[in-house]
Number of protein chains: 2
Amino acid sequence: MTANQGTKQRILDTAERLFADQGFGNTSLRCLTSQAAVNLAAVNYHFGSKDALIEAVIARRLVPMNGERLRRLRALQGRHRGHPVPLESLVAAFIGPALELSQDTSRAGSQFIRLLGRGFVESPPQLQDRLRPMYREVIDHFKRAFAAVLPELSAEELYWRLHFLVGTLAYCMSGADMMRVVASSGMSAPLDIEVVTQRLTVFLTAGLRAREPVAEANGFKRTARA
Amino acid sequence: MTANQGTKQRILDTAERLFADQGFGNTSLRCLTSQAAVNLAAVNYHFGSKDALIEAVIARRLVPMNGERLRRLRALQGRHRGHPVPLESLVAAFIGPALELSQDTSRAGSQFIRLLGRGFVESPPQLQDRLRPMYREVIDHFKRAFAAVLPELSAEELYWRLHFLVGTLAYCMSGADMMRVVASSGMSAPLDIEVVTQRLTVFLTAGLRAREPVAEANGFKRTARA
DNA sequence: GTCTATAGTCAGATAGAC
DNA sequence: GTCTATCTGACTATAGAC
């Protein structure tokens, strides 16, 4: 646990970068350990397996990130005692901690954002099951808060709206940029997290606030809430 | 080209299903060919390589899907001669053909939706480069149409809004369902594509229509359009 | 066109010296 | 804790018989 620190850290940092760039499956332990300047066997010694390493890499950032989300939510709730938290603030509290990791230039945090996006679409189902609990509390608390400030939405509609919210964020984080097709048509500005957060907040807030379409010609029961 | 048909089709159908379920990298040709009841060498004989098979599987659905998008766009433009197409119709024309593939129960089209979502986040960069041109025309035409009906948005804002639009759709398609965490809290209805399309259209339309935040304290020049 | 058999490569994991 | 060396298995791709 002394000289260990350096090795373990270097493995985590290098893995974060490579996983984000190439994906989990396309990153071999051989490539990883050579770039981290550690021995091939070190990964299995310190983490037990490649899958366990993947989980460790994700958890290292995910747990603090979701902690920050909850911290901001509680701060908002404290500031609006009794009243529902404004929608825009809720959105910002949810997406802010995720996008802000991109600014962490000292560590490889900038890559982690893309990695988190990959976490749920590319990882083996077994890993997804271990990741889900890390989101459980955040989604649970935010869902309640969103429901409080959007009482006019049915439970089903709210479920889907939050689904869309998470989806948009995940896509932004994954860095899969289908839009680069049209990038030639005039986009050049470097990615500014504050600006993206602001744009995304506006977009999502408006979407969440949209009037619910009348449910007809389908099997959904409109479930009245509160 | 006679008995060939059956083999090639079975390979494509099986690949579509397995790629969607397990991803590209996690699906081996051995597993694929055994499930398709064809010989291991058949893939390389008919497609040349695994990568070429992936491309073929995607292109088989992607090209018609994007063709349908453009067809609907042209129909809308014909119906609104001179005037911009209503935003909601534009959104529906873009996301409809994608989500409707899920209804294609006869063929394995239902899995393909998830596969398309994977196409850009999980595939090797080399493949992404061959996929991008298949989107080029669609994005180009729709971008113009969105710009016409949203003249108040700056070019940068429009770019990001469309990015969010594509992102939300891609996430819905990928089937990566982070929200299943809260599924226990009352969701049970089977996925009805029409309903999802309607919900998504409302959400996206509202987001696209949101008033652009005033650009301040950042380096963006508001680019006047039209 | 279809098959068997196999070449050639690379993966993750581990035993055991230091 | 770190290293070398190696095991075991899976993969893609292909050569060549039918």
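Lettering follows sequence order; numbering is per chain, from 1.
Between the CD atom of B/Gln9 and the P atom of C/dG1 there is a distance of 14 Å, given to the nearest Å. Rounding to whole angstrom units, OH of residue B/Tyr45 and C1' of C/dG1 are separated by 5 Å. Protein atom CZ of A/Phe24 is 18 Å distant from nucleotide atom C1' of C/dA11, rounded to whole Å. Put simply, CG on B/Leu53 is 15 Å from P on D/dC11, counting in whole angstrom units. Between the CG atom of B/Leu29 and the P atom of C/dT6 there is a distance of 20 Å, given to the nearest Å. For A/Asn44 and C/dA11, the CG to C1' distance is 12 Å, given to the nearest whole Å. Rounding to whole angstrom units, CZ of residue A/Arg30 and P of D/dA5 are separated by 13 Å. Whole-Å rounding puts the B/Lys50 NZ to C/dT9 P distance at 19 Å.
Of the candidate nucleotides D/dT2, C/dT14, C/dT4, C/dT14 has the atom nearest to the side chain of A/Ala41. Looking at the side chain of B/Asn39, the nearest of the listed nucleotides C/dC3, C/dA13, D/dT4 is C/dC3. When each of C/dC3, D/dC11, D/dT2 is scored by its nearest atom to the side-chain atoms of B/Ser28, the top-ranked nucleotide is D/dC11.
Contact of the A/Leu29 side chain with the A/Asn44 side chain is registered, since non-hydrogen atoms from C-beta on lie closer than 4.5 Å.
Phosphate contact (OP1/OP2 of C/dT2, side-chain N/O of B/Thr7, threshold under 4.0 Å): present.
Here the closest heavy-atom approach between residue B/Pro97 and residue B/Met65 is recorded as O-CG, 3.7 Å. Nearest heavy-atom pair across A/Phe203 and B/Arg161 is CD1-CD, 3.5 Å.
Among the protein residues, A/Thr27 comes within range of the sugar-phosphate backbone only, with heavy atoms under 4.0 Å from sugar or phosphate atoms but none that close to a base.
Ring orientation note: the planes of B/Phe94 and B/Phe142 are nearly perpendicular, at an angle over 60° on the 30°/60° scale.
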